[in-house]
There are 2 protein chains.
Amino acid sequence: MKLKEFARQLGLSPTTVSRALSGYPEVSEKTRKRVAEEAVRLGYRPNINAVRLVTGRAGAIGVVMGRTGEFHFAEYMSGMAERLDGEDIDILVSPTADRDSTDEVSLYSRLATSGRVDAVIVHSPKPNDERIALLHELGFPFLVHGRSETDVPHAWLDIDNETAIRRATSHLIDLGHRRIAMINGRHGRTFSLHRDKGYRDALQERGIAFDPRLLVHDHFTDELGFRYARAFLEQAPRPTAFVAGSMMTALGVYRAVRSRGLVVGKDISVIAHDDVFPYLTAENMVPSLSATRSSMRAAGARSADLVLQLLGGRAAEEIQELWPVELILRESTGPAPAEAQS
Amino acid sequence: MKLKEFARQLGLSPTTVSRALSGYPEVSEKTRKRVAEEAVRLGYRPNINAVRLVTGRAGAIGVVMGRTGEFHFAEYMSGMAERLDGEDIDILVSPTADRDSTDEVSLYSRLATSGRVDAVIVHSPKPNDERIALLHELGFPFLVHGRSETDVPHAWLDIDNETAIRRATSHLIDLGHRRIAMINGRHGRTFSLHRDKGYRDALQERGIAFDPRLLVHDHFTDELGFRYARAFLEQAPRPTAFVAGSMMTALGVYRAVRSRGLVVGKDISVIAHDDVFPYLTAENMVPSLSATRSSMRAAGARSADLVLQLLGGRAAEEIQELWPVELILRESTGPAPAEAQS
DNA sequence: GCAGTCAACCAAATCGTTTTAAATTTCCGC
DNA sequence: GCGGAAATTTAAAACGATTTGGTTGACTGC
């Protein structure tokens, strides 16, 4: 059923019908009601592509999903979906090209110029991110989940990784730990750098020399958490505490610690960053995991909100949100074992 | 840059340019090449919404994401994205309404009739699924990930849950287990029913009476895995083996077993279903987890492929793929403890 | 040199809406 | 019951591509 036919059946012009459905003021209450009712009865629904063409709005927000299938993704999207429910705005997930960054940039360019989305969200930015530069140059609306250090102005929403990790590390130092290993995220991403900084600053504040052999960067998987933790534990003297980048990493670390016959929370302390997943909670691990916590889902919801504001005309420079991160202490952290105290 | 302007700069008509870019035969190789090159140079890209309007194709596949933010989701989507890369087809994730099923059906109806997607994928179907009935009635292309028992013909891709769980259960029985508990998925979903059937059939084949107190249905989270396993372990006599619905559930079960001072693989055997996540592997658990395995990512990729076939005109009735599931035995399964043998 | 064929290109119609600009109707005071 | 403002409604022009149905010119065989 098309507008023309629908209007004819109502004995009205397409114009009036269109206006009635879009809630414009210059149509009488009586007809509006009639139109709305008949639309439901006859099952008329505007062809979205015609609407998009004529309005120039796509009614969708683009998200590029990495190949790696990160587990954060579903939670973040779910948060977005929550906020977007009822807004008649969809989420468009774009199949990413491989990690070849030239291709990734061209993917963003295609997304921006083809008119299939009104805005995009950039994840895991780098300090000097080409995607951000490109989108800015194109004048295309975008929100960065995370932050970049580029001069290019950009709207962003980030959690305070630096402070979170500084506090986590400080806390471990307070407990007497001196050799603290960190399994951080992928190299070159801003969030990893911020965490590095928090970690190093905490050490420095307390006069502990930074040892590059205690810091690695990689994907967040239990496998890698295990491998790195094993390797760290083979050092002499071995670290007495770990800062793990994610819940999955923490699972691997726990495993590695146990595999050496050591006890988490007693021989080895562990703090991880927890994105708050409904299916895997820090509270429930054994021993329960001390964690820096910030909800991915909330970030997704707020991101959607901010994108909406951006599309509503709010200036990108104005949108800069840094979320504090809670540090929740549980059983996985304890005083450094006596023999390791300096 | 619009087609008209772009064509003018090339000294060609819009028709020829459009044809050149779409690879139609009635344009000379020479001009085609020139058009292609200039398009890149001048950055011309067809407005997707105009294309959609005129061709009637949306160039997108719809997926409805549940509120629960399931961890399978990212892997499945990632698989889809992998297959769709280069096809110029997007994935549209629709913010789901809440679990109120009337709303969910109307969401599918909106998706189908508004022209924003060419096909949709239905997840976690029920035996008599309203969404399937609706989509069939509308004559809208869709693929079911899972299966339904409805009379309505539908294209589907499913894994052989029944056989997988039957074999897993049988194996446990072979090892001497008699009291085998199962923590299954959400009530009323076809996959849960199939698993129930596999479980009950295996018991029956070996003359073991089904005990409803050993079977529960719920979401797949470590928390619930823990809680149910704890409750099961309090029964007397307690079960000596568990069939867990997911990796997360298995984590909870491991925890529960340990919390009772028991040892997985010795006192208590565990088999779980593993969807193959890059960030959490059965192989790496301690003890390594015996599992029925089938890759979510592969299912996503194949789903995208099948949807493409569906859109290419292949009959829905023809598309019915049942994937076998591997049973991989590792250390979490062992002979039932002697005192528990019947 | 001419009709016929074919390759290459083009003008204009079309997709289904929204929106601009104009036309109609209604309402009001006098 | 008339002029004019206000309230409704409408016809027609976008939006930016694809596609239908030609047209043009070069080449062929005779």
Side-chain angles (χ1 to χ4, degrees), chain A residues 1-36 38-39 42-60 88-90 110-118 311, chain B residues 1-36 38-39 42-60 88-90 110-118 311:
Chain A
M1 165 96 50
K2 307 166 190 184
L3 173 59
K4 215 164 139 186
E5 165 66 8
F6 178 53
R8 205 185 51 69
Q9 290 204 22
L10 283 173
L12 287 171
S13 76
T15 311
T16 306
V17 172
S18 169
R19 286 189 162 142
L21 290 175
S22 316
Y24 276 62
E26 56 268 81
V27 55
S28 76
E29 199 46 53
K30 203 181 73 186
T31 24
R32 181 202 316 295
K33 211 173 141 193
R34 186 163 74 96
V35 170
E38 289 293 285
L42 298 174
Y44 168 72
R45 213 186 306 274
N47 177 309
I48 189 111
N49 294 318
V51 174
R52 284 171 171 168
L53 174 57
V54 72
T55 60
R57 263 173 273 120
D88 205 44
I89 292 199
D90 303 302
R110 206 180 66 202
L111 216 48
T113 59
S114 70
R116 65 188 86 206
V117 294
D118 295 318
L311 293 175
Chain B
M1 166 99 45
K2 308 165 187 184
L3 173 59
K4 214 163 141 188
E5 165 66 7
F6 177 54
R8 205 185 51 70
Q9 290 203 22
L10 282 174
L12 287 170
S13 76
T15 311
T16 307
V17 172
S18 169
R19 285 189 162 142
L21 290 175
S22 316
Y24 276 64
E26 55 271 82
V27 54
S28 78
E29 199 47 54
K30 204 180 67 185
T31 26
R32 181 202 315 296
K33 211 173 140 194
R34 187 164 72 95
V35 170
E38 290 294 283
L42 298 175
Y44 168 72
R45 212 185 308 273
N47 177 308
I48 190 98
N49 293 318
V51 173
R52 284 171 171 167
L53 174 57
V54 72
T55 60
R57 265 173 271 120
D88 205 44
I89 291 197
D90 304 303
R110 207 181 63 201
L111 216 47
T113 59
S114 71
R116 65 189 85 206
V117 294
D118 296 316
L311 294 176

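Below, each value reflects all heavy atoms present in this structure, side chains not excepted, and no hydrogens, waters or symmetry copies. Order of the sequence lines fixes the chain letters, A, B, ..., with proteins taken first and strands second; residue numbering starts at 1 for each chain.
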Visitor: CZ of R19(B) versus P of dC9(C): gap in Å, rounded?
Guide: 11 Å
Visitor: Whether T15(B) contacts dC10(C) is assessed here as follows: a side-chain N or O lying under 4.0 Å from the phosphate OP1 or OP2. Is that the case?
Guide: no
Visitor: From the list dG16(C), dT19(C), dA17(D), which nucleotide is the closest neighbour of the side chain of A50(A)?
Guide: dG16(C)
Visitor: What's the closest nucleotide to the S28(A) side chain, out of dC15(D), dT8(D), dT19(D)?
Guide: dT8(D)
Visitor: What nucleotide, of dT18(C), dT9(D), dG16(D), holds the atom closest to the side chain of L3(A)?
Guide: dT18(C)
Visitor: At less than 4.0 Å, is any side-chain N or O atom of Y44(A) found next to OP1 or OP2 of dT17(C)? Yes or no.
Guide: yes
Visitor: Starting at the 5' end of DNA chain C and moving along, which residue's nearest nucleotide shows up first, R32(B) or S22(A)?
Guide: R32(B)
Visitor: Of all the choices, dC9(C), dC10(C), dT18(C), which nucleotide is nearest to the side chain of S18(A) once you look at every atom?
Guide: dT18(C)
Visitor: For L21(B) and dT19(D), what is the distance between atoms CG and P respectively, to the nearest whole Å?
Guide: 13 Å
Visitor: Within the structure, does a side-chain N or O atom of T16(A) lie under 4.0 Å from either OP1 or OP2 of dT10(D)?
Guide: yes
Visitor: Of the non-hydrogen atoms in V51(A) and P46(A), which two are nearest, and what is the gap between them?
Guide: CG2-CB, 4.0 Å
Visitor: Whole Å only: how far is the CD atom of E29(B) from the C1' atom of dC9(C)?
Guide: 16 Å
Visitor: Measure from the side chain of L53(B), starting at C-beta and using heavy atoms only, and say which of dC15(C), dT9(D), dT17(C) lies closest.
Guide: dC15(C)
Visitor: Return yes if the base of dT18(C) and the side-chain atoms of R52(A) contain a donor-acceptor N/O pair under 3.5 Å, otherwise no.
Guide: no
Visitor: Indicate whether OP1 or OP2 belonging to dA11(C) is found under 4.0 Å from a side-chain N or O atom of S13(B).
Guide: no
Visitor: Indicate yes or no for a side-chain donor-acceptor contact from N49(A) to the backbone of N49(B) under 3.5 Å, with no hydrogens or angles considered.
Guide: no
Visitor: Report the residue (V54(B) or V17(B)) whose heavy-atom-nearest nucleotide on DNA chain C is the more 5′ of the two.
Guide: V17(B)
Visitor: Can you confirm whether I48(B) sits close enough to R52(A) that some side-chain heavy atom of one is under 4.5 Å from a side-chain heavy atom of the other?
Guide: no
Visitor: Output the rounded distance in Å from CZ (R45(B)) to C1' (dG16(D)).
Guide: 16 Å
Visitor: What is the distance, to the nearest angstrom, from the CZ atom on R116(A) to the P atom on dG16(D)?
Guide: 17 Å
Visitor: Using side-chain heavy atoms (C-beta onward) and a distance below 4.5 Å, is F6(B) in contact with E38(B)?
Guide: yes
Visitor: Grab the OH-P distance between Y24(A) and dT18(C) for me, whole Å please.
Guide: 8 Å
Visitor: For the CZ atom on R45(B), are there more than 12 heavy atoms of other groups (residues, nucleotides or ligands in this structure) within a distance under 6.0 Å?
Guide: yes
